[in-house]
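Starting from 1, each residue takes its place in the sequence as its number. Hydrogens, waters and symmetry mates are skipped; everything else that's a heavy atom, side chains included, is used.
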Amino acid sequence: MTTYRESLRRLYAFEARGMRLGLERTLDALQHRGHPERGMRFVQVAGTNGKGSAAAMIAASLSAAGYRTGLFTSPHLHRYVERIRINGRTLGQHEAARRIDDLLSVFNRPGAPDISFFEITTVLAVEAFRDHGCQWAVLEVGIGGRLDSTTAIPASLSVITHIAMDHADMLGATTAEIAREKAGIIRRGIPVIVGRCDAEARRVIARRASTLRSPACWIDKHFRAVPSPRGNRFSVELGSARVRDLKLELTGQHQLDNAACAVAALLRLRQGGVRIPEAAIRRGLGRLRWPGRLERVKGRPFFLLDGGHNPDAAQTVADYLREKLAGKKRVVMVFGSMIDKDYPAMLEILAPLVERIYYSRASLPRAASYQQLARVRSGMRSRSLRDALNRARRAAGPEGCVLVTGSMFLMAEARALLLDVQADPPIRM
């Protein structure tokens with residue numbers, strides 16, 4: 001068997017096939033592999049932002065309830081194996097290498113489905129969940145929903161966390177068009193939990209749910225998170241059901257909405273006969289660690305890491321800065337973005353809240369250059385990400401804060417440097 005790194009190199013070669021939407025290849029691949037999805041139950045989670053956090057909350061709570069639970073997310077932060085977790089533990093490197101080799105030996109043959117990197121990874125995850133005896137698996141949508149490979153797998157519940165502008169080149173130029181793609185995960189007769197979205201997106205989702213006779217539960221109408229007078233505690237209500245005394249380690253007001261969607265999903269499953277005690281939900285949310293989302297790295301100065309890569313996510317970071325740090329800390333920003341993201345809007349939101357900007361690039365060809373970023377908002381040029389972090393650290397001073405944001409990939413590389421974490425090569429899929 002080849003090494004993990006060599007297997008990964010061979011798998012990464014499939015990136016050349018591109019980021020392709022459509023279900024047919026994944027359906028063919030699942031059939032080709034004997035339908036590994038059968039015998040499990042799935043929850044599928046879509047959304048512009050918050051879908052990874054909500055998916056992790058649902059999976060952690062199902063595990064705490066005693067179910068062997070898989071979690072599939074993307075992209076990875078540091079290691080490819082982070083995409084596939086079973087009861088919170090990432091897939092082992094040796095197992096991942098063996099599974100990659102097995103799948104590539106099949107899908108490189110003449111006549112096999114011509115599948116992409118993400119489609120292979122989806123099949124790999126489902127086979128791993130089956131072989132590890134998972135009863136439930138939670139699938140985070142990669143892009144969109146209607147044509148995402150995870151939608152080839154039947155789900156017992158759909159969740160749409162939040163809709164905002166992102167991936168406009170692939171999903172549409174309005175929130176209504178994007179909502180059409182996200183609403184594609186709604187299945188006939190299968191309940192859907194819907195988080196915060198504007199009126200146009202809401203109409204699209206409601207129409208889809210009505211057409212398919214899928215019961216829709218809407219945030220603020222059917223469920224909501226209610227902060228507790230006890231400070232950092234809250235409860236979630238869905239109809240007459242309520243889970244009290246919840247606590248999150250994840251930071252930011254937006255995470256309350258994500259938690260509301262996750263808990264509403266769990267309560268909806270419970271209404272359908274799935275045994276999920278309240279204590280399991282409390283344990284699942286309370287123990288969850290999901291790095292790279294307004295994550296503080298201790299130090300003098302401290303670092304605030306956020307993988308937000310669209311204007312909506314930038315607004316969440318801005319709200320946090322205003323609430324927690326405005327007038328209290330000197331904030332310096334290290335910023336980078338992919339060229340196809342709306343970095344002008346992100347910079348417009350964030351730049352007024354920081355004293356200085358250091359631009360840097362993630363190690364991907366599609367990362368925006370210094371010249372492209374500086375044309376939008378003046379900032380300091382860096383020789384490397386390490387150089388940007390060091391200069392920002394000095395500029396912030398021991399009592400300040402260094403914000404690293406604009407790209408999940410830049411943030412992940414910064415985190416690996418700051419915490420001395422081993423990392424696989426990045427890939428935009």
Side-chain angles (χ1 to χ4, degrees), residues 7-8 10-15 17-46 51 55 58-59 62 67-76 80-86 91 95-159 181-190 192 212 427 429:
S7 296
L8 212 57
R10 294 175 60 215
L11 178 60
Y12 275 31
F14 279 69
E15 183 182 12
R17 296 185 178 183
M19 201 176 292
R20 302 181 305 184
L21 298 180
L23 306 184
E24 295 80 7
R25 292 177 301 274
T26 306
L27 289 167
D28 287 349
L30 292 169
Q31 182 179 17
H32 209 74
R33 298 294 286 179
H35 289 289
E37 75 279 11
R38 291 177 178 170
M40 273 181 287
R41 299 181 72 184
F42 296 89
V43 176
Q44 188 184 20
V45 186
K51 61 182 187 287
I58 295 168
L62 286 169
Y67 299 102
R68 196 155 182 81
T69 305
L71 174 63
F72 176 54
T73 59
S74 60
H76 58 269
Y80 172 80
V81 291
E82 295 167 2
R83 296 169 181 249
I84 303 160
R85 301 172 189 258
I86 295 145
L91 201 65
E95 181 179 351
R98 173 176 58 79
R99 290 186 179 280
I100 291 169
D101 291 348
D102 177 41
L103 287 171
L104 295 189
S105 71
V106 171
F107 290 116
N108 276 328
R109 292 175 190 163
D114 182 31
I115 64 177
S116 67
F117 168 89
F118 190 77
E119 291 159 347
I120 290 173
T121 301
T122 302
V123 175
L124 191 157
V126 174
E127 291 191 350
F129 297 153
R130 175 201 61 193
D131 295 342
H132 282 269
C134 290
Q135 299 152 289
W136 283 91
V138 184
L139 308 176
E140 179 195 6
V141 167
I143 291 181
R146 182 174 65 92
L147 298 175
D148 187 78
S149 66
T150 59
T151 305
I153 298 162
S156 299
L157 183 70
S158 304
V159 181
E181 297 301 318
K182 307 289 185 188
I185 73 168
I186 302 174
R187 324 299 176 97
R188 183 170 296 279
I190 300 298
V192 57
L212 296 178
I427 185 168
M429 292 186 183

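When every heavy atom of Ile100 is checked against every heavy atom of Ser7, the shortest pair comes out as CG2-O, 3.5 Å. The two atoms that bring Asp148 and Leu23 nearest to each other are O-CD2, 3.0 Å, heavy atoms only. The nearest pair of heavy atoms linking Leu124 to Ala96 is CD1-O, 4.5 Å. The two residues Ile58 and Val159 have their closest heavy-atom pair at CD1-CG2, 4.3 Å.
Within the 3.5 Å criterion, the main-chain N or O of Leu147 finds no donor-acceptor partner in the side chain of Thr151. In this structure, the side chain of Arg10 does not engage the main chain of Asp101 through any donor-acceptor pair within 3.5 Å. Side chain of Ser74 to main chain of Gly142: no donor-acceptor pair is present (N/O by atom type, distance under 3.5 Å, no hydrogens or angles). The backbone N or O of Gly145 lies less than 3.5 Å from no partner atom in the side chain of Glu181, so there is not a single donor-acceptor pair.
Between Phe117 and Tyr12, the two ring planes are perpendicular [angle over 60°; tilted spans 30° to 60°].
Looking at Glu37, Gln31, Arg33 one by one, the single match for side chain to side chain donor-acceptor pair (under 3.5 Å) with His35 turns out to be Glu37.
Between Phe118 and Ile427, every side-chain heavy-atom pair lies at or beyond the 4.5 Å cut-off. In this structure, Lys182 and Val141 have side chains that are not in contact, with every pair of non-hydrogen atoms separated by 4.5 Å or more.
Between the side chains of Glu119 and Ser149, no donor-acceptor pair of N or O atoms lies under 3.5 Å.
A ring-centre distance under 6.0 Å is not found for Phe129 and Tyr67.
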